[in-house]
Peer 1: 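Right, I'll just put the structure down here and ask away after.
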Amino acid sequence: MPELPEVETVRRGLEPVMQGARFETVEARRGDLRWPLPADFAARLEGHTVTGLGRRAKYLTVDLSSGEVLLMHLGMSGSFRVWQEKSGDGGARKPGRYHHERPQHATHDHVVFHMSNGAHIAFNDPRRFGSMKLVARDQLDQEPLLRALGPEPLGNAFDAAMLARACRGKKTSLKAALSDQRVVAGLGNIYVCEALWRARLSPKRRASTIAARAGEPNERARALVDGIRDVLNDAIAAGGSSLRDHKRTDGGLGLFQHQFAVYDREAMRCQRRGCGGTIKRIVQTGRSTFFCPVCQR
DNA sequence: ACTACTCCCTGCCAGC
DNA sequence: TGCTGGCAGGGAGTAG
């Protein structure tokens, strides 16, 4: 599920229940995620307060009063579910109370946060490609997982000149280049396909062809930047896309899948006015690509 | 330095 | 109904 718009939707869902709250208890029910959770994972969270909730590419960053940052990635199938402790009983919290108040753990709830404000937050991830890691905030710019990431596509630093420079000399396809988190950070299979459709560019086109010889951006690079920005903004506004499962922290569904122009629309008519083409599915670097061979050149 | 490919893991669906 | 193969929103590691 989770590309940049989905992760941003999750961030916005977690912010009101995590910001300013303290980790009261942390359950590491399964530590064998993408990487093993450290043995002291829970201990390094418990008692500390969340001072900020951010996002870098597809990573969520939780700033802690301890001086550490909790880095979380949803992988392919990760999601968060939030529920609130029932109020009542005068509001005084007693240890162990949640046992009676939270729903039964769902299958694949690997980590559960119990917050001081009564919020319970479960990380569920069937495939366990997701990850959590604690790093010192002052070491964050040395963090290997973040170091090589390219620019944020919705940030000021991302523009046609930067994208052209990153693609200059690249022999690989535009699809592969845009999927490469070092070129631009946060796109995945869906939004790469959608952005290329918006820019009318073929996913098979050589990445280097969005730059002139000197590395200057051309019209294609500008169209691509616009396509990327627009599709991400539209998707965030729709709460992201929900394909096979729920994604928002409240259990609700994102709605952007209803606005897909090409993704998962093989054999359907191209929606571009006056195009009349048929959406095709091909496989590039082991993953499905959807595009219109008529209007995407 | 690039590029392409494999693998990690579980669930679901189409086809037999 | 049940099995099998293929596929799924990601990305690290390795081999050319």
Side-chain angles (χ1 to χ4, degrees), chain A residues 1-11 29-37 55-60 71-80 106-110 123-133 143-150 153 165-196 203-208 211 228 231-232 235-236 238-248 253-260 262-267 281-290:
Chain A
M1 100 195 178
E3 303 181 32
L4 187 153
E6 290 73 36
V7 178
E8 179 58 24
T9 299
V10 169
R11 192 195 68 75
R29 306 184 68 240
R30 257 198 100 140
D32 55 338
L33 304 182
R34 176 86 201 233
W35 299 288
L37 291 179
R55 178 189 57 74
R56 173 74 175 103
K58 301 174 193 172
Y59 288 92
L60 290 163
L71 261 187
M72 308 193 288
H73 197 290
L74 301 173
M76 290 276 264
S77 57
S79 63
F80 284 94
T107 311
H108 306 306
D109 277 356
H110 304 314
F123 175 67
N124 186 283
D125 184 9
R127 294 175 76 177
R128 303 203 313 285
F129 289 170
S131 60
M132 293 193 186
K133 186 173 180 182
E143 170 53 41
L145 294 173
L146 305 182
R147 255 199 108 133
L149 290 174
R165 218 176 307 129
C167 289
R168 184 184 179 186
K170 273 200 177 296
K171 294 189 168 91
T172 192
S173 66
L174 262 186
K175 167 77 186 302
L178 296 180
S179 305
D180 185 339
Q181 303 299 296
R182 295 167 299 185
V183 171
V184 51
L187 299 177
N189 209 34
I190 292 177
Y191 297 107
V192 168
C193 292
E194 294 295 318
L196 285 166
K204 298 191 279 190
R205 171 182 281 281
R206 267 175 76 130
S208 60
I228 290 168
V231 75
L232 294 178
I236 290 171
S241 307
S242 301
L243 265 53
R244 281 156 262 287
D245 44 32
H246 294 228
K247 169 201 73 308
R248 302 161 125 218
L253 295 173
L255 296 172
F256 190 72
Q257 65 276 15
H258 302 303
Q259 294 180 56
F260 289 167
V262 288
Y263 187 82
D264 208 18
R265 294 179 61 84
E266 184 179 18
R281 173 185 176 273
I282 59 174
V283 174
Q284 289 180 291
T285 53
R287 296 189 136 80
S288 289
T289 299
F290 299 90

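Lettering of chains follows the sequences in order, A, B, ..., and the numbering in each one begins at 1. Because the structure is a prediction, the values reported are computed rather than measured.
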Peer 1: Can you tell me the distance, in whole Å, between the CZ atom of Arg56(A) and the P atom of dG11(C)?
Peer 2: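 It works out to 12 Å between those atoms.
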
Peer 1: Starting at the 5' end of DNA chain B, which residue's closest nucleotide do you reach first, Gly286(A) or Arg182(A)?
Peer 2: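 Going by which nucleotide is closer to the 5' end, it is Arg182(A).
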
Peer 1: Inspect the contact between Asp32(A) and Arg128(A) and indicate whether a charged nitrogen and a carboxylate oxygen are less than 4.0 angstrom apart.
Peer 2: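 Result for this pair is yes, salt bridge flagged.
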
Peer 1: Angle between ring planes, Phe256(A) versus Tyr191(A), binned at 30° and 60°: parallel, tilted or perpendicular?
Peer 2: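 If you compare the ring of Phe256(A) with that of Tyr191(A), the planes turn out tilted.
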
Peer 1: Among dC9(B), dG11(C), dC7(C), which nucleotide sits nearest the side chain of Arg281(A)?
Peer 2: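 The closest nucleotide is dC7(C).
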
Peer 1: For dC9(B), what is the paired nucleotide under Watson-Crick or G-U wobble rules, both distances under 3.5 Å?
Peer 2: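 None - no nucleotide pairs with dC9(B), as no candidate has both distances under 3.5 Å.
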
Peer 1: At less than 4.0 Å, is any side-chain N or O atom of His108(A) found next to OP1 or OP2 of dC9(B)? Yes or no.
Peer 2: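 Checking His108(A) against dC9(B): no side-chain N or O falls below 4.0 Å of OP1 or OP2.
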
Peer 1: When the P atoms of dG11(C) and dA1(B) are considered, how many whole Å apart are they?
Peer 2: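 So the two P atoms sit 22 Å from each other.
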
Peer 1: Classify Ser179(A) by what it touches in the nucleic acid, base, sugar-phosphate, or nothing, heavy-atom distance under 4.0 Å.
Peer 2: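 Here Ser179(A) touches no strand at all.
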
Peer 1: What is the separation between atom CG on Asp264(A) and atom P on dA8(C), rounded to the nearest whole Å?
Peer 2: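 Value for this atom pair: 9 Å.
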
Peer 1: When you measure from the side chain of Lys171(A), which nucleotide among dG11(B), dC7(C), dT3(B) comes out closest?
Peer 2: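 Nearest nucleotide to the side chain: dT3(B).
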
Peer 1: Answer yes or no: does a side-chain N or O of Lys170(A) lie under 4.0 Å from OP1 or OP2 of dT3(B)?
Peer 2: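 Lys170(A) to dT3(B) OP1/OP2: side-chain N or O found under 4.0 Å.
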
Peer 1: Would you compute the distance between atom NE2 of His73(A) and atom CG of Leu60(A) and round it to the nearest 0.5 angstrom?
Peer 2: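 Those atoms lie 9.0 Å apart.
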
Peer 1: When the distance from NZ of Lys133(A) to P of dA12(C) is rounded to whole Å, what number comes out?
Peer 2: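 Taking NZ of Lys133(A) and P of dA12(C), I get 10 Å after rounding.
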
Peer 1: For the residue pair Leu187(A) and Glu3(A), what are the closest heavy atoms and their distance?
Peer 2: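 Distance-wise, the nearest heavy atoms are C-OE1, 3.8 Å.
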
Peer 1: So Phe290(A) and Tyr263(A), would you call those rings parallel, tilted or perpendicular, with 30° and 60° as cut-offs?
Peer 2: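 It falls in the perpendicular class, over 60°.
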
Peer 1: Let me know the distance between CZ of Arg127(A) and C1' of dG6(C), rounded to the nearest Å.
Peer 2: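 Value for this atom pair: 12 Å.
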
Peer 1: Quick check: closest heavy atoms across Ala177(A) and Lys170(A), and the distance to 0.1 Å?
Peer 2: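 Closest pair (atom of Ala177(A), atom of Lys170(A), distance): CB-CD, 4.2 Å.
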
Peer 1: Trp35(A) has a side chain; which of dG11(C), dA12(C), dC7(C) sits nearest to it?
Peer 2: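 Closest nucleotide among those given: dA12(C).
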
Peer 1: Rounded to whole angstrom units, what separation is found between the CE atom of Met76(A) and the C1' atom of dC8(B)?
Peer 2: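 After rounding, the gap between these two atoms is 11 Å.
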
Peer 1: Using heavy atoms to find the nearest nucleotide of DNA chain B for Gly169(A) and Arg128(A) separately, return the residue whose nucleotide is more 5′.
Peer 2: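 The 5'-side residue here is Gly169(A).
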
Peer 1: When you check the phosphate oxygens OP1 and OP2 of dC2(B), does a side-chain N or O of Thr172(A) lie under 4.0 Å from one of them?
Peer 2: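 False: Thr172(A) side-chain N/O out of range (4.0 Å or more) of dC2(B) OP1/OP2.
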
Peer 1: Measure the distance from CG on Asp180(A) to C1' on dC2(B) and round it to the nearest whole Å.
Peer 2: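 It is 11 Å, rounded to the nearest whole Å.
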
Peer 1: Roughly, in whole Å, what's the span from CG in Asn189(A) to P in dG11(C)?
Peer 2: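 Those two atoms, CG and P, are 11 Å apart.
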
Peer 1: Categorize Phe256(A) for me: base, sugar-phosphate, or nothing, with a 4.0 angstrom heavy-atom threshold over every strand shown.
Peer 2: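 Phe256(A): no heavy atom of the nucleic acid under 4.0 Å.
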
Peer 1: Please determine whether a side-chain nitrogen or oxygen atom of Ser77(A) lies at a distance below 4.0 Å from atom OP1 or OP2 of dA8(C).
Peer 2: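 So the side chain of Ser77(A) is outside the cut-off, no N or O lying under 4.0 Å from OP1 or OP2 of dA8(C).
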
Peer 1: Heavy atoms under 4.0 Å, any strand shown: does Thr285(A) hit a base, just sugar-phosphate, or nothing?
Peer 2: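 Here Thr285(A) touches no strand at all.
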
Peer 1: Take the protein atom CD of Gln181(A) and the nucleotide atom C1' of dG13(C), then report the distance between them rounded to whole Å.
Peer 2: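 Answer to the nearest Å: 16 Å.
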
